[in-house]
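Accompanying notes for the structure given below.
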Amino acid sequence: MLNIAVLVSGGGTNLQALIDAEKNGILKNGHIKLVISSSVDAYALQRARNNGIDSFVLTKKEYANVDDYSDALVKKLDEYSTDLVILAGFLTIFSKKVTDAYKNKIINIHPALIPSFCGKGYYGLHVHEAVLASGVKVTGATVHFVTEECDGGPIILQKAVNVLDDDTPETLQKRVMHEAEWKLLPEAASLFCQGRLIIDGKKVHIKEEM
Ligand code: GAR
């Protein structure tokens, strides 16, 4: 059984999807042991408490710089013998120290079809605002490995979601979460925990179930 740490900053609906997936057996061979929030008020912390998961707040302002913040993050992840780090709406930047310490062991959910609408400044509702402004008819969600390059790591899973004529950023965000994110993230976590993800350069191959 692999130890999972989930990093959050907000409402934590993706964390909830992971907790539910562990309970109902969709998330195989993984156990959520730790939640770290970069914000004191994140409702995700309440979700962790409701489910008896240890949780900690690590805010950037407590540290002099990104490297010190990253050291603290790695220390906490190490303390819990973390095998997989899941960024589930984690909006705080960390440095190479984290991606080096947990190389090929960090995955992120992004609310668009990478390589579109991603990179610096594309997070949360801003992504959906940009999608609507562009006039595209299809968006979606992506789960990818985290490397030093923002939203640039190997893609694990993607799912498309239609954009509707009368969508607002809020309605689109909800539909992307409901139709894509909450399914995709537990599925990717499960594949990782079963050892079924093989990274081959920019590509990720998924091994058949044994
Ligand atoms: C999710 O839509 C997630 O994809 C997004 O933040 C939201 C968090 O919601 N992440 C990013 O934009 C990262 N670039 P949640 O706290 O309810 O899971």
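For reference, positions follow the sequence shown, starting with 1. We use all heavy atoms of the structure for the numbers below, so side chains are in, but hydrogens, waters and symmetry mates are not. In listed order, ligands and their atoms are each counted from 1.
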Legend entry - Residues in the immediate environment of ligand 1 (any heavy atom closer than 4.0 angstrom): G10, G11, G12, T13, N14, G89, I109, H110, P111, Y122, Y123, G124, M177, E181
Legend entry - Note: K28-E209 ion pair, threshold 4.0 Å (strictly below): yes
Inset, instruction - For the pair F90 and Y69, name the ring-plane relationship: parallel under 30°, tilted 30 to 60°, perpendicular over 60°. - result: parallel
Inset, instruction - Can you establish whether the number of heavy atoms outside Y123 located under 6.0 Å from its atom OH is more than 12? - result: no
Legend entry - Exercise: do D67 and S95 side chains pair donor with acceptor under 3.5 Å: yes
Inset, instruction - Using only heavy-atom distances, determine whether the side chains of Y122 and D151 contain a donor-acceptor pair under 3.5 Å. - result: no
Inset, instruction - Using distance alone, with no hydrogens and no angle criterion, decide if S9 and S38 have a side-chain donor and acceptor under 3.5 Å apart. - result: yes
